[in-house]
Amino acid sequence: MKRYAYLLVLSLILAACGESKGHFKIEGRFLHINTGELYVYSPDGVIDGMDTIKIQDGRFALDVPCHDEGTIMIVFPNYSQQPVFAESGGAVEIKADASHLKEMEVKGTDANELMTKFRKSLSNVSPPEETRLAGQFIKDHPESPVSIYLTRRYFVDADKPDYAKAAAFIRLMMKAQKSSGSLARLKEQVDLTQLRTPGKALPAFSAADVKGRKVTNADLNGPMAVINVWATWSYESLDALSALSQAETEAAGKLKIVSICVDANKGDCLRSMDNYRVDWPVVCDGSMLDSKLMRQLGLSTVPECIVIRNGRIVQSGINAAELRRFLENTYER
């Protein structure tokens with residue numbers, strides 16, 4: 001009888017495990033947000049496109065298919081973002097205060113608890129110290145998916161990227177994470193940055209914009225041109241879009257622009273184009289940060305801007321404020 005009882009308990013455990021495999025669950029609660037909506041996306045493809053999480057009575061939940069490790073980015077109402085590291089069969093619980101999102105706690109898997117510990121280490125430190133602590137974390141934990149995220153966050157997608165350090169960290173992590181698809185994509189991204197080095201010719205490309213028109217690198221030939229990447233959920237990228245709209249009017253046809261919108265929904269893109277009076281070509285293929293045109297140009301983040309003079313790159317990786325100053329100085333002359 002005991003043997004049958006043991007087998008029954010074992011079968012129930014195995015059945016429960018079978019149900020959770022292939023999924024990743026997030027449950028959480030917020031202080032100071034009772035109802036609302038969060039955006040979620042994944043640079044690794046855990047989520048296809050953009051999704052939303054509804055907050056009801058301060059609580060929220062998400063259950064997504066997941067067969068490999070990856071990162072889910074949660075976009076908060078103030079447009080800040082925090083990562084959650086997904087794995088097949090995993091489940092996490094999030095506790096967060098809307099007024100102190102850097103102190104968000106995520107419990108349930110080793111990677112997320114490591115990230116929570118790192119977040120707490122950033123309390124009241126300066127930006128340079130944040131970067132130093134990120135580098136130390138990567139050296140201490142080259143086997144962790146958190147280190148992939150921190151390399152991207154602090155050394156690749158930063159306002160002032162350090163691609164040499166990023167490449168060194170990637171080499172270190174590849175010894176410990178040989179089969180990581182996320183790490184392989186990050187390596188490819190860093191390698192592609194050479195495509196947009198100042199002084200180089202703009203890479204050749206061809207794409208269709210949201211109105212079905214063909215767009216190529218030839219459309220950017222001229223004394224001044226800009227490629228910019230934006231999304232409706234990125235406030236800073238919309239600021240850059242506004243700066244470009246104003247500059248295009250003042251340039252009286254002398255400024256050429258091509259934009260890449262990384263929204264998953266073309267309808268959201270079209271509405272923002274109307275709001276910001278965008279009448280230049282905008283490419284939005286629904287692939288978000290994995291857009292073919294993004295890869296062709298060595299781009300990987302939002303916001304992003306490349307400034308071109310006579311077919312050659314003169315600046316890249318500049319933020320909205322730097323773009324605005326650059327355009328103002330150009331057209332004041």
Side-chain angles (χ1 to χ4, degrees), residues 159 192-193 195-263 265-289 291-333:
D159 287 342
L192 284 172
T193 59
L195 294 176
R196 50 190 174 91
T197 302
K200 287 197 171 184
L202 181 68
F205 68 85
S206 178
D209 74 1
V210 292
K211 296 181 180 179
R213 299 172 300 192
K214 185 178 180 180
V215 184
T216 73
N217 52 296
D219 294 313
L220 295 170
N221 288 339
M224 177 66 71
V226 173
I227 297 173
N228 88 302
V229 183
W230 61 276
T232 56
W233 41 265
S234 169
Y235 175 81
E236 187 178 352
S237 75
L238 293 177
D239 188 22
L241 202 65
S242 177
L244 284 172
S245 182
Q246 181 181 346
E248 188 204 29
T249 301
E250 295 172 354
K254 297 179 181 178
L255 174 64
K256 297 183 178 181
I257 307 169
V258 169
S259 287
I260 305 169
C261 175
V262 295
D263 281 349
N265 187 319
K266 191 180 290 186
D268 293 338
C269 170
L270 290 168
R271 281 188 289 274
S272 288
M273 287 175 65
D274 286 340
N275 292 339
Y276 288 88
R277 298 185 179 88
V278 173
D279 58 3
W280 58 81
V282 176
V283 176
C284 181
D285 63 9
S287 298
M288 301 183 70
L289 294 173
S291 160
K292 179 182 177 182
L293 184 53
M294 293 277 284
R295 294 198 304 273
Q296 286 178 320
L297 297 173
L299 300 169
S300 61
T301 188
V302 56
E304 177 63 278
C305 289
I306 301 176
V307 180
I308 305 122
R309 284 187 192 273
N310 300 313
R312 292 197 172 270
I313 297 168
V314 294
Q315 275 192 297
S316 68
I318 59 176
N319 60 33
E322 291 168 332
L323 175 65
R324 196 179 294 274
R325 284 195 297 271
F326 185 89
L327 293 170
E328 286 173 354
N329 292 336
T330 298
Y331 293 108
E332 281 177 4
R333 293 196 299 269

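Worth knowing before you read on, the calculation uses all heavy atoms, side chains too, and leaves out hydrogens, waters and symmetry mates.
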**OP:** Report yes if some heavy atom in the side chain of R309 is under 4.5 Å from a heavy atom in the side chain of M224; otherwise report no.
**Re:** yes
Original post:
Is D274 close to Y276 at the side-chain level, that is, under 4.5 Å between some pair of heavy atoms?
Top reply: no
**OP:** Could you tell me which non-hydrogen atom of T216 sits nearest to which non-hydrogen atom of S206, and how far apart they are?
**Re:** CG2-OG, 4.1 Å
Original post:
Quick one: are L238 and N275 in side-chain contact, heavy atoms under 4.5 Å?
Top reply: no
Original post:
Could you give the distance from NZ (K211) to CG (D279), rounded to the nearest 0.5 Å?
Top reply: 7.5 Å
Subject >> Heavy-atom side-chain contact between S259 and L241 under 4.5 Å >> reply: yes
**OP:** Taking all heavy atoms of I308 and all of V314, pick out the closest pair and write down the distance.
**Re:** N-CG2, 4.3 Å
Original post:
Do the non-hydrogen side-chain atoms of N228 and L323 ever get within less than 4.5 Å of each other?
Top reply: no
**OP:** Go through R277 and T249 one step at a time and tell me if the side-chain contact (heavy atoms from CB on, under 4.5 Å) criterion holds.
**Re:** CA-CA 10 Å; R277 298 185 179 88; T249 301; over 6 Å; no
**OP:** Before giving the answer on side-chain contact (heavy atoms from CB on, under 4.5 Å), spell out for I260 and V302 the whole-Å C-alpha distance, their side-chain angles and the decisive distance to 0.1 Å.
**Re:** CA-CA 10 Å; I260 305 169; V302 56; over 6 Å; no
**OP:** Specify the closest pair of heavy atoms between E304 and S316, including all atoms of both residues, with the distance to one decimal.
**Re:** OE1-C, 4.1 Å
Subject >> Atom pair OG/CH2 of S272 and W233 - distance to nearest 0.5 Å >> reply: 12.0 Å
Original post:
Who are the salt bridge (Lys or Arg N to Asp or Glu O under 4.0 Å) partners of D239, not counting sequence neighbours?
Top reply: R324
Original post:
Can you find a pair of side-chain heavy atoms, one from L255 and one from V226, that are under 4.5 Å apart?
Top reply: yes
**OP:** Enter the distance from D268:CG to C261:SG here, rounded to the nearest 0.5 Å.
**Re:** 8.0 Å
Original post:
To the nearest 0.5 Å, how far apart are CG in L244 and CD in Q246?
Top reply: 10.5 Å
Subject >> For S237 against S234, the heavy-atom pair lying closest together >> reply: OG-O, 2.8 Å
Original post:
Which heavy atom of P223 sits nearest a heavy atom of N310, and at what distance?
Top reply: CA-OD1, 3.5 Å
Subject >> Side-chain touch L220/F205, heavy atoms, less than 4.5 angstrom >> reply: yes
Subject >> Atom of K292, atom of D285 and distance for their closest heavy-atom approach >> reply: N-OD2, 3.7 Å
Original post:
Is the side chain of D263 donor-acceptor paired with the backbone N or O of T232 at a distance under 3.5 Å, no angle test?
Top reply: yes
**OP:** Report yes if the side chains of C305 and F326 come closer than 4.5 Å at any heavy-atom pair, otherwise no.
**Re:** no
